[in-house]
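A, B, ... follow the sequence lines: proteins, then strands. Residue 1 opens every chain.
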Number of protein chains: 2
Amino acid sequence: MSRPRAKLTKDFPGCPVESTLCFLDGKWKGVILFHLLEGKLRFNELRRKLPSVTQRMLTKQLRELEEAGILSRTVFPVVPPRVDYELTAAGRSLEPVISALAAWGSKNVTREDGQTVIRLAYETKTAPPERDAVDC
Amino acid sequence: MSRPRAKLTKDFPGCPVESTLCFLDGKWKGVILFHLLEGKLRFNELRRKLPSVTQRMLTKQLRELEEAGILSRTVFPVVPPRVDYELTAAGRSLEPVISALAAWGSKNVTREDGQTVIRLAYETKTAPPERDAVDC
DNA sequence: GCCCATAGTGTCGAAAAGGATACCATGAAT
DNA sequence: ATTCATGGTATCCTTTTCGACACTATGGGC
């Protein structure tokens with residue numbers, strides 16, 4: 001488009017969906033919250049649950065969640081270091097959201113031929129088994 | 001949201017939360033689905049609801065959602081062109097997820113000083129009103 | 001004196017995502 | 001003949017994200 005019309009309407013009414021996604025955004029936040037819903041975890045406990053996340057990344061995601069007020073970080077001044085991560089009240093309030101995400105994923109997502117696809121089990125299909133893929 | 005969540009499911013076939021986020025990932029997918037839950041929309045109708053999304057981005061997000069099987073794209077061979085976007089059964093099955101996201105966002109997120117923060121209304125706070133910010 | 005575990009930090013570079021801008025095709029209305 | 005609306009593409013460029021890898025501090029046990 002050649003008309004800079006978008007600039008005129010700079011004001012964008014906040015979408016509550018995006019508002020929430022905003023806090024879940026980041027590569028590992030979903031899984032992190034999923035695990036923390038079951039109770040507090042130390043840094044390396046979490047790490048062992050996410051074998052392919054680099055330490056740097058895990059730290060980064062945790063710091064972002066902490067800054068957002070979703071989890072708390074408790075440092076014990078001992079050696080070797082001990083740091084506990086635990087959901088705050090705000091974090092626990094996300095439980096229905098995480099549950100909804102988990103429920104849909106469990107029911108509808110599967111992996112086929114190296115792709116993540118929607119299972120579409122609920123669809124009364126007659127046509128060939130379409131496998132709508134997404135590149136992840 | 002964003003980032004090659006691509007490799008994610010490969011690394012974690014088991015996390016249903018990330019599996020779902022995988023499909024919602026992308027800058028505007030949340031809002032798009034939110035609007036489409038209320039019925040089919042033409043390209044420019046959608047665009048008017050998302051004033052700050054560029055046409056290129058909107059097209060891109062829609063194509064990704066289409067490829068994932070979440071929405072359908074119907075082209076009418078008329079002039080000027082008419083293209084309808086509508087949720088598929090798979091897309092409609094996301095309704096509880098979108099609702100959960102929207103509900104949490106409405107209740108807990110607010111904008112202050114240009115930052116998106118968690119309102120924390122449910123927390124019985126005594127301390128100064130901490131505003132945990134996230135840069136989006 | 002050396003190694004271990006924990007929980008990090010710092011730097012670099014590749015890759016992906018996102019934004020700005022320009023261009024296209026059609027036919028109807030003016 | 002020109003303009004308008006629709007629903008796009010094509011480039012180019014900047015920003016953000018992610019991953020690899022190296023490095024750090026501490027105190028206890030051997």
Original post:
Would you say a side-chain N or O of B:K60 is under 4.0 Å from OP1 or OP2 of D:dG8?
Top reply: no
**OP:** Considering just the side-chain nitrogens and oxygens of B:R63, establish if one lies under 4.0 Å of OP1 or OP2 belonging to D:dT9.
**Re:** yes
Calculate the interatomic distance between [X] atom [atom1] and [N] atom [atom2]; express it in whole Å.
X     : N      : atom1 : atom2 : value
B:L62 : D:dT6  : CG    : P     : 16 Å
A:L58 : C:dT9  : CG    : C1'   : 14 Å
A:E18 : C:dG18 : CD    : P     : 10 Å
A:R42 : C:dG8  : CZ    : C1'   : 13 Å
B:M57 : D:dA10 : CE    : P     : 15 Å
B:D25 : C:dA17 : CG    : P     : 8 Å
B:Q61 : C:dA16 : CD    : P     : 16 Å
A:R73 : C:dT6  : CZ    : C1'   : 12 Å

Under 3.5 Å, sequence neighbours excluded: what are the donor-acceptor pairs made by side chains of residues 77-86 of chain A?
{"unit_1": "A:R82", "atom_1": "NE", "unit_2": "A:D84", "atom_2": "OD1", "d": "3.2"}
{"unit_1": "A:R82", "atom_1": "NH2", "unit_2": "A:D84", "atom_2": "OD2", "d": "3.0"}
{"unit_1": "A:Y85", "atom_1": "OH", "unit_2": "A:R73", "atom_2": "NE", "d": "3.2"}

**OP:** Only counting residues at least two apart or in another chain, list the ones meeting side-chain contact (heavy atoms from CB on, under 4.5 Å) with B:S106.
**Re:**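 For B:S106, the residues satisfying side-chain contact (heavy atoms from CB on, under 4.5 Å) (neighbours in sequence not counted) are A:P16.
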**OP:** Rounded to the nearest 0.5 Å, what's the gap from OG1 on A:T20 to CG on B:L24? Could you check?
**Re:**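 Reported value, rounded in 0.5 Å steps: 11.5 Å.
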Would a 4.5 Å heavy-atom cut-off, applied to side chains only, mark [X] and [Y] as touching?
X     : Y     : value
B:L65 : B:I32 : yes
B:L33 : B:V97 : no
A:K29 : B:L21 : no
B:F43 : B:L62 : yes

Choose from [options] the nucleotide whose nearest atom is closest to any side-chain atom of [X].
X     : options               : result
A:T54 : D:dG19, C:dA7, D:dG8  : D:dG19
A:T59 : C:dG19, C:dG8, D:dG8  : C:dG8
A:K27 : D:dG19, C:dG18, D:dG7 : D:dG19
B:Q55 : C:dG19, D:dG8, C:dT9  : D:dG8

**OP:** Only counting residues at least two apart or in another chain, list the ones meeting side-chain hydrogen bond (donor to acceptor under 3.5 Å, both in side chains) with A:E95.
**Re:** A:S99
Original post:
Going by the salt bridge (Lys or Arg N to Asp or Glu O under 4.0 Å) test, which pairs reach into residues 97-106 of chain B, not counting sequence neighbours?
Top reply: none
Using nucleotides 11-13 of chain C, report all nitrogen or oxygen pairs with the protein that are shorter than 3.5 Å.
{"unit_1": "C:dT11", "atom_1": "O4", "unit_2": "A:R56", "atom_2": "NE", "d": "2.8"}

**OP:** Enumerate the residues from residues 78-86 of chain B whose closest heavy atom to DNA chain D is under 4.0 Å, giving them by residue number; use none for an empty result.
**Re:** B:P80, B:P81, B:R82, B:V83, B:Y85
